[in-house]
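Computed from heavy atoms alone, side chains included, the values below leave out hydrogens, waters and symmetry copies. The sequence lines fix the lettering, A, B, ..., with proteins before strands; numbering per chain opens at 1.
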Protein chains: 2
Amino acid sequence: MTRGFDTAEFRDRLARAQEAMARQRLGALLVTTEADIRWITGFLTRFWESPTRPWYVVIPAQGDPVAVIPAIGAPLMARGWLCDIRTWAAPDYRDDGVSLLADTLREVAPDGPIGTPFGLESHLRMPLADFARLQDAMAPAQIGTDHGIIATLRAVKSEAEITKIRAACSVADRAFARVSEIAAPGTPLAQVFRRFQMLCLEEGADWVGYLAGGARQGGYEDVISPATNLPLAPGDVLMLDTGVVLDGYYCDFDRNWAIGRVTPATQSAYHQLLEASDAAFAVAAPGVTAADLHGLMADILGVGPEAGRLGHGLGLQLTEGLSLIPDDHTELRPGMVLTLEPGLPTGEGRMMVHEENIVITETGAAYLSTPAPREIEVLG
Amino acid sequence: MTRGFDTAEFRDRLARAQEAMARQRLGALLVTTEADIRWITGFLTRFWESPTRPWYVVIPAQGDPVAVIPAIGAPLMARGWLCDIRTWAAPDYRDDGVSLLADTLREVAPDGPIGTPFGLESHLRMPLADFARLQDAMAPAQIGTDHGIIATLRAVKSEAEITKIRAACSVADRAFARVSEIAAPGTPLAQVFRRFQMLCLEEGADWVGYLAGGARQGGYEDVISPATNLPLAPGDVLMLDTGVVLDGYYCDFDRNWAIGRVTPATQSAYHQLLEASDAAFAVAAPGVTAADLHGLMADILGVGPEAGRLGHGLGLQLTEGLSLIPDDHTELRPGMVLTLEPGLPTGEGRMMVHEENIVITETGAAYLSTPAPREIEVLG
């Protein structure tokens with residue numbers, strides 16, 4: 001897999017953004033978050049882990065994007081495709097890039113209006129005090145909604161992006177296939193978590209952006225908790241759910257194991273989960289909606305609309321884009337990458353969840369993860 | 001190290017927050033980000049990697065905080081010290097928790113005003129469209145600044161927090177001590193990055209929240225870039241800068257190595273960096289300011305005020321709180337944890353950076369990282 005993207009990839013993204021901006025009569029788009037900035041510039045760094053500095057990219061109605069960023073990021077940004085990189089010495093307690101950003105916005109969009117992501121899953125990554133200062137500096141022009149342009153464009157992946165997500169899935173596939181090396185009755189769950197991340201790295205992950213899971217009798221309590229030191233016990237169902245990062249792209253899927261022995265109830269739940277994701281995979285195709293996939297899986301699971309989210313988009317982030325819920329009527333399109341994530345209650349305060357990653361093709365769907373074994377694997 | 005905190009720790013944080021709120025006549029505080037919510041509730045999960053769902057915690061002027069969160073997080077939140085946990089089935093495209101949050105704010109602070117983090121390093125982790133809806137629902141009451149209350153309180157760590165940061169530093173210490181096992185002339189830098197993260201996990205990290213670095217002749221180009229596949233070459237200076245996470249707390253320091261051989265110029269730069277951090281450590285004490293430490297190090301480095309940030313606070317995040325810059329006149333207080341991070345240009349487009357973690361005590365400072373060796377280690 002080649003690292004990064006050709007400039008043509010970014011020019012295509014820019015063209016699609018500007019086409020959508022023209023339809024909405026936007027003079028510029030302002031993006032502030034890691035994923036949105038990386039989508040349009042290719043700027044890839046773990047430095048976002050530091051909340052100190054804000055980062056801004058302005059997408060004009062015509063012409064190339066302008067980066068308005070802390071000086072510390074200039075060498076890395078300059079290695080990408082953007083030429084117009086404006087910097088300040090952040091953090092600056094008197095003016096932390098606000099004047100530079102306001103000047104840039106006025107220059108590229110003198111007549112406004114300026115859009116920024118406003119809707120579901122978005123946030124503005126800058127201090128509210130600075131946003132108020134920016135609005136004052138731009139007045140009477142106001143910064144308003146981007147009409148979902150960025151999120152909508154990000155939801156459909158290019159071939160080059162799909163290649164990266166497939167490679168991330170392969171890393172997780174290989175790590176999952178080796179879990180018998182690190183987990184057996186008596187192994188503390190926290191040790192399984194540490195060793196599993198090591199396996200992901202050994203198999204080629206750049207880093208392990210996400211790991212959650214659980215292990216209790218006949219299921220687990222939830223799917224977002226960190227690991228405890230409780231040792232794995234016979235009868236436990238172990239689940240690991242990981243988001244491995246490769247060249248900035250995530251996979252997001254899980255696997256289940258039975259510890260020591262497997263009960264008929266666990267086997268039955270496992271089969272039901274596979275049946276649900278198999279059925280959703282079989283019908284997933286352009287024109288089918290997110291709600292359709294949810295309804296189909298909820299019926300097989302017998303859980304009704306209160307089932308919660310049964311899958312979602314992914315790519316530059318662990319989760320992004322559509323949600324498999326009854327209210328999401330987004331039509332699937334070729335290039336959309338999503339998880340199928342059916343879940344089932346398996347007794348008082350217990351559950352099991354299964355997850356696969358797929359891509360929508362012209363005629364249907366293809367797996368990016370290697371589908372889980374047909375029978376739950378028993379460890380130890 | 002015991003995991004988590006006693007409830008008394010959170011009650012103390014709450015008491016200090018409410019004392020500051022009383023001084024500012026705030027009716028409630030609204031917090032929305034991972035670190036702020038974890039600081040007051042103890043809610044620790046990697047699920048924040050998913051941007052889909054907003055999370056809210058309301059700190060009233062009197063009484064315990066109220067969590068207003070997606071139902072998927074209720075079991076984990078209920079294992080903590082909060083009793084009042086209000087949930088909705090997120091994502092809800094019609095009302096994603098906004099009404100529930102507005103009702104809660106009106107209930108606990110009928111007369112307002114409500115503060116939320118507004119200043120440097122902060123952001124509001126909720127969609128702007130939902131923030132506008134919330135402001136409408138609260139009108140005429142408005143949500144305004146928290147006057148820096150949360151950031152100021154977070155900057156001073158308790159003994160229990162310092163214990164966790166010290167443990168995270170020890171993990172990184174042990175991993176850094178083993179770098180000769182994974183790096184030698186010819187090793188691709190990307191492999192060093194992967195193997196170093198494995199060492200951190202093997203030495204006890206819960207996860208590796210941050211890793212950056214570089215390796216070029218006589219220095220590196222910047223300190224935020226991801227690794228390339230370029231093999232280490234004799235004459236390179238290798239730097240690894242890591243933020244290992246243990247029970248939710250970060251360390252943040254780096255180490256340098258000479259590859260194959262060391263030049264007098266590299267030795268000299270290394271000594272100068274150590275001299276700067278040694279000097280800052282020697283004077284760091286209550287009442288000394290962040291700007292004092294910056295000035296002292298900048299003088300020794302001979303770089304003047306344009307040196308950039310030469311250190312910062314850390315703890316729940318990789319960077320937080322004060323900045324060692326000329327404009328930061330924050331007085332150090334016992335319990336503040338910070339990095340000393342002197343950097344030097346070492347030729348055209350090259351630099352070297354050195355970093356240690358320290359805690360301010362009643363009488364001075366103590367190292368949390370084991371100080372770097374007095375001479376740069378040569379690998380291979």
Side-chain angles (χ1 to χ4, degrees), chain A residues 44-47 49-52 71-73 75-76 89 91-94 96 116 118-129 145 190 193-195 197-198 201-202 204-212 221-226 243 306 308-309 312 317-320 323 325 327-328 349, chain B residues 44-47 49-52 71-73 75-76 89 91-94 96 116 118-129 145 190 193-195 197-198 201-202 204-212 221-226 243 306 308-309 312 317-320 323 325 327-328 349:
Chain A
L44 174 61
T45 166
R46 294 181 77 173
F47 196 61
E49 203 62 33
S50 166
T52 301
I72 195 171
L76 181 59
D92 182 332
Y93 289 179
R94 280 167 281 201
D96 209 25
T116 197
F118 246 61
L120 204 81
E121 294 195 348
S122 77
H123 69 265
L124 181 76
R125 191 186 179 276
M126 72 185 288
L128 285 174
T145 177
F193 271 43
R194 279 194 297 273
R195 295 277 163 182
Q197 293 175 88
M198 292 172 68
L201 289 158
E202 196 170 313
D206 292 339
W207 66 84
V208 184
Y210 185 70
L211 178 61
E221 290 162 301
D222 70 86
V223 295
I224 71 166
S225 289
E306 78 288 352
R309 187 156 89 143
H312 54 80
Q317 290 175 284
L318 181 73
T319 78
E320 63 184 30
S323 286
I325 57 174
D327 273 352
D328 194 324
Chain B
L44 173 61
T45 166
R46 295 181 77 173
F47 196 61
E49 204 62 34
S50 165
T52 302
I72 195 172
L76 181 59
D92 181 332
Y93 289 178
R94 280 167 280 201
D96 210 24
T116 197
F118 245 61
L120 203 81
E121 295 196 344
S122 77
H123 69 266
L124 182 77
R125 190 185 180 277
M126 70 184 288
L128 285 174
T145 177
F193 271 44
R194 279 194 297 274
R195 295 277 165 182
Q197 293 176 88
M198 292 172 68
L201 290 159
E202 197 170 313
D206 291 341
W207 66 85
V208 185
Y210 185 70
L211 179 61
E221 290 161 303
D222 70 86
V223 295
I224 72 167
S225 289
E306 77 288 354
R309 187 157 87 144
H312 54 79
Q317 289 175 284
L318 181 73
T319 78
E320 63 184 29
S323 285
I325 58 174
D327 272 351
D328 194 324

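Looking at B:A190, neither its backbone nor its side chain comes within 4.5 Å of chain A, counting heavy atoms on both sides. Only the side chain of B:I325 comes within contact range of chain A, with at least one heavy atom under 4.5 Å from a heavy atom of that chain. Proximity to chain A (any heavy atom under 4.5 Å) is restricted, for B:Q317, to the side chain, taken from C-beta onward. With a threshold of 4.5 angstrom between heavy atoms, A:R194 approaches chain B through its backbone and through its side chain. Of the two parts of B:F193, neither the backbone nor the side chain holds a non-hydrogen atom closer than 4.5 Å to a non-hydrogen atom of chain A. Within the 4.5 angstrom heavy-atom criterion, no atom of A:T145 approaches chain B. Of the atoms belonging to B:D96, it is side-chain heavy atoms, and not backbone ones, that fall under 4.5 Å from chain A.
The candidate from B:A71, B:G119, B:G209, B:P75 with the greatest count of non-hydrogen atom pairs under 4.5 Å with chain A is B:G209. Interface summary for chain A: among B:G204, B:A212, B:S50, the most heavy-atom pairs under 4.5 angstrom belong to B:S50. Of the listed residues (B:S225, B:P127, B:G349), the greatest number of heavy-atom pairs within a distance under 4.5 Å of chain A belongs to B:P127. When the candidates B:A205, B:A89, B:G73 are compared by the number of heavy-atom contacts under 4.5 Å with chain A, B:A205 comes out ahead. With chain A as the partner, the residue from B:E202, B:R309, B:M126, B:R125 showing the most heavy-atom pairs under 4.5 Å is B:R309. Contact tally against chain B (heavy-atom pairs below 4.5 Å) for A:I72, A:T45, A:D327, A:L318: the top residue is A:D327.
Legend: residues meeting side chain to side chain donor-acceptor pair (under 3.5 Å) with B:D92, ordered by chain and number and at least two apart, are absent. Among residues two or more places apart in sequence or in another chain, the salt bridge (charged side-chain N to carboxylate O under 4.0 Å, His left out) test is passed with A:D206 by A:R3.
By the 4.5 Å heavy-atom criterion applied to side chains, B:L76 and A:I224 are counted as neighbours. The shortest side-chain heavy-atom distance between B:V208 and A:L201 does not fall under the 4.5 Å cut-off. Between B:L128 and A:T116, the closest side-chain pair of non-hydrogen atoms falls below 4.5 Å. Looking only at side-chain heavy atoms (C-beta outward), A:L124 and B:H123 stay at 4.5 Å or farther from each other. Between B:Y93 and A:L120, some side-chain heavy-atom pair lies under the 4.5 Å cut-off. Inter-residue side-chain proximity for A:H312 and B:T52 is flagged as unmet; no heavy-atom pair is nearer than 4.5 Å.
The line from CG of B:L211 to CD of A:E49 is 12.0 Å long, rounded to the nearest 0.5 Å.
In this pair, A:Y210 and B:F47 present their aromatic rings tilted. The plane angle is within the 30 to 60° band.
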